Amino acid sequence: MSTIEKALAKQKQAEQKRSNVIDAQVPENTSTNQSTSPLPSEAINRPIQTTIDKETIVLDGEGLTDRGFIYGSSSTHHIQEEFRHIKRKLLNNAFGPAAKTLKHSNLIMVSSSSPNEGKTFISINLALSIALEQEKTVLLVDADVLRPSLHRELQFERKEGLLEYLLNKVQSISEVIYNTNITNLKLIPAGKPHHLTNELLASTKMAALAEELAQRYPDRIVIFDCPPILGVTETPVLSSLVGQAVVVVEESKTKIDDVKKAVSQLDENIAVGFVMNKTVMSKKDGYGYYGYGYNKKN
Ligand SMILES: Nc1ncnc2c1ncn2[C@@H]1O[C@H](COP(=O)(O)OP(=O)(O)OP(=O)(O)O)[C@@H](O)[C@H]1O
Ligand SMILES: [Mg+2]
């Protein structure tokens, strides 16, 4: 048995002890804007335009919906459905009976073996899905500090964030936790890149932050949009700070060997699930209709 196979076997064993592993498929967004499922519109204070002030990041719902993000009842129905499934498993692991077997079960990292597989897309949609439909608060952290993109995807100006905190440029983490116009969604942007950017993710201050977030906000889901796993040594270090990992796999593109290699580098005590992203879909009833399924790890 190779080292990877051993690690995977170990991981599998650990997972079997837990009630839920997150496996799901997310289709490629086609922005059809068909919706049948009402979401609590009171959760959203709709913006007139995308603006930002010191306190609140105001998200442009229409723009987000157009780009395949879940934002209120106008979001495409199938996207909402897919994320409902993924979210349920994550929430069960975070707060259900399995939570006792995980350290920091409410901290979730989103990563992938290689760049560009959809980590940020999945992170944002997960955060929005949880914030819009659950009573839980979500904190979305841009931990891809070398190539941050949360600000670009959510269309807000770059702000002080995680890096300033890790570099002691701000006194407390609350200074870089921004409210948004979605009541249950808060954001920590990446901040300004620094020559030690990725190294800071493996710092003791980062470990202390994870501890603080887990202790101070036990009812809050914290989602870390992370760098890829292969070739970024700090990402596996981050996995030791969280309770769960979502590994994004791009359908028809990601190599299975890369996934195995990547997963073998993650902490063996965390819950690991897979999201198959950009799945190819069939057309039905004149709009995008996409089946979903579970992609059991084996
Ligand atoms: N399911 C999807 N449907 C449509 N577009 C998608 C989907 N997933 C990702 N994309 C698009 O693919 C591109 C890459 O996605 P994203 O930025 O989320 O990847 P990433 O893994 O975070 O990349 P990086 O490694 O650069 O951080 C983006 O333009 C994003 O909008
Ligand atoms: Mg990204």
Side-chain angles (χ1 to χ4, degrees), residues 22-34 59-60 63-71 75-87 108-129 140-156 158 161-163 187-191 193 197-198 201 223-236 238-239 245-255 258-259 262-263 266 273-283 287-293 295:
I22 323 115
D23 298 298
Q25 298 184 350
V26 174
E28 187 140 17
N29 167 54
T30 51
S31 298
T32 49
N33 282 350
Q34 298 280 339
L59 305 176
D60 169 12
L64 291 181
T65 305
D66 284 349
R67 285 177 296 119
F69 295 114
I70 297 167
Y71 193 92
S75 298
T76 316
H77 178 55
H78 67 267
I79 294 265
Q80 284 177 27
E81 277 304 314
E82 300 298 338
F83 281 93
R84 230 173 248 145
H85 283 273
I86 305 168
K87 170 179 71 178
I108 303 167
M109 68 182 284
V110 177
S111 190
S112 60
S113 53
S114 311
N116 214 37
E117 297 187 59
K119 298 177 289 298
T120 303
F121 181 86
I122 298 294
S123 301
I124 293 173
N125 266 332
L126 271 177
L128 289 170
S129 175
L140 176 58
V141 185
D142 194 344
D144 196 349
V145 285
L146 193 60
R147 301 176 58 200
S149 61
L150 216 54
H151 64 289
R152 202 177 54 231
E153 294 296 333
L154 293 179
Q155 300 187 324
F156 63 87
R158 281 183 94 141
L162 182 60
L163 284 170
L187 300 175
I188 300 183
T197 296
N198 270 346
L201 292 176
I223 296 175
F224 296 92
D225 177 17
C226 292
I229 299 166
L230 300 179
V232 183
T233 52
E234 291 79 10
T235 310
L238 278 177
S239 76
V246 172
V247 177
V248 180
V249 176
E250 186 172 344
E251 190 181 68
S252 311
K253 194 167 166 216
T254 312
K255 294 193 188 94
D258 284 348
V259 180
V263 170
L266 298 178
F274 298 88
V275 171
M276 188 73 80
N277 192 28
K278 306 188 192 178
T279 55
V280 180
M281 309 133 306
S282 61
K283 295 269 179 189
Y287 68 94
Y289 170 82
Y290 316 116
Y292 57 86
N295 186 33

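Treat the numbers as computed from the prediction; the structure is a model and nothing was measured. Order of appearance sets the numbers: ligands from 1, and atoms from 1 within every ligand. Numbering of residues begins at 1 and proceeds along the displayed sequence.
Distances below 4.0 Å separate heavy atoms of Asp144 from the following atoms of ligand 1: 27 (O). Less than 4.0 angstrom separates some heavy atom of Pro115 from each of these atoms of ligand 1: 25 (O).
When the options Asn125, Asn116, Asp225 are ranked by their closest heavy atom to atom 24 (P) of ligand 1, first place goes to Asn116. The option with the heavy atom closest to atom 17 (O) of ligand 1, from among Val110, Thr120, Val232, Asp142, is Thr120.
Inclusion of Ser112 in the set of residues having an N or O under 3.5 Å from an N or O of ligand 1 is not warranted. Residue Asn277 has at least one nitrogen or oxygen atom sitting less than 3.5 Å from a nitrogen or oxygen atom of ligand 1, judged on distance alone. In terms of polar-atom proximity, Pro228 is not counted as a contact of ligand 1, lacking any N or O under 3.5 Å from an N or O of the ligand. Distances between N or O atoms of Glu117 and those of ligand 1 include at least one value under 3.5 Å. Considering backbone and side-chain atoms together, Phe121 places an N or O closer than 3.5 Å to an N or O of ligand 1.
Considering every non-hydrogen atom in both Pro227 and Asn198, the closest pair reads CG-OD1, 4.2 Å. Thr254 approaches Ser113 most closely through the heavy-atom pair CG2-OG, 3.4 Å. Taking every heavy atom of both residues into account, Leu154 and Ile124 meet most closely at CD2-CG2, 3.7 Å.
With sequence neighbours left out, Thr120 forms a side-chain hydrogen bond (donor to acceptor under 3.5 Å, both in side chains) with Ser149, Asp225.
Residue contacts with ligand 1, taken as heavy atom pairs separated by less than 4.0 Å, involve Arg147 solely via side-chain atoms from C-beta onward.
Counting heavy atoms from C-beta outward, Leu266 and Val247 have side chains that approach closer than 4.5 Å.
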**Study point:** Pair Glu153-Arg67, salt bridge (charged side-chain N to carboxylate O under 4.0 Å, His left out): steps then yes or no
**Key:** CA-CA 9 Å; Glu153 294 296 333; Arg67 285 177 296 119; 3.6 Å; yes

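Ring-plane geometry between Phe156 and His151 is classed as perpendicular, the angle between the planes exceeding 60 degrees on a 0 to 90 degree scale with a lower cut at 30.
Residue side and main chain included, Thr120 places an N/O/S atom under 2.8 Å of the Mg ion (ligand 2).
Using modelled atom types and a 3.5 Å distance limit, the side chains of Ser111 and Lys119 yield no donor-acceptor pair.
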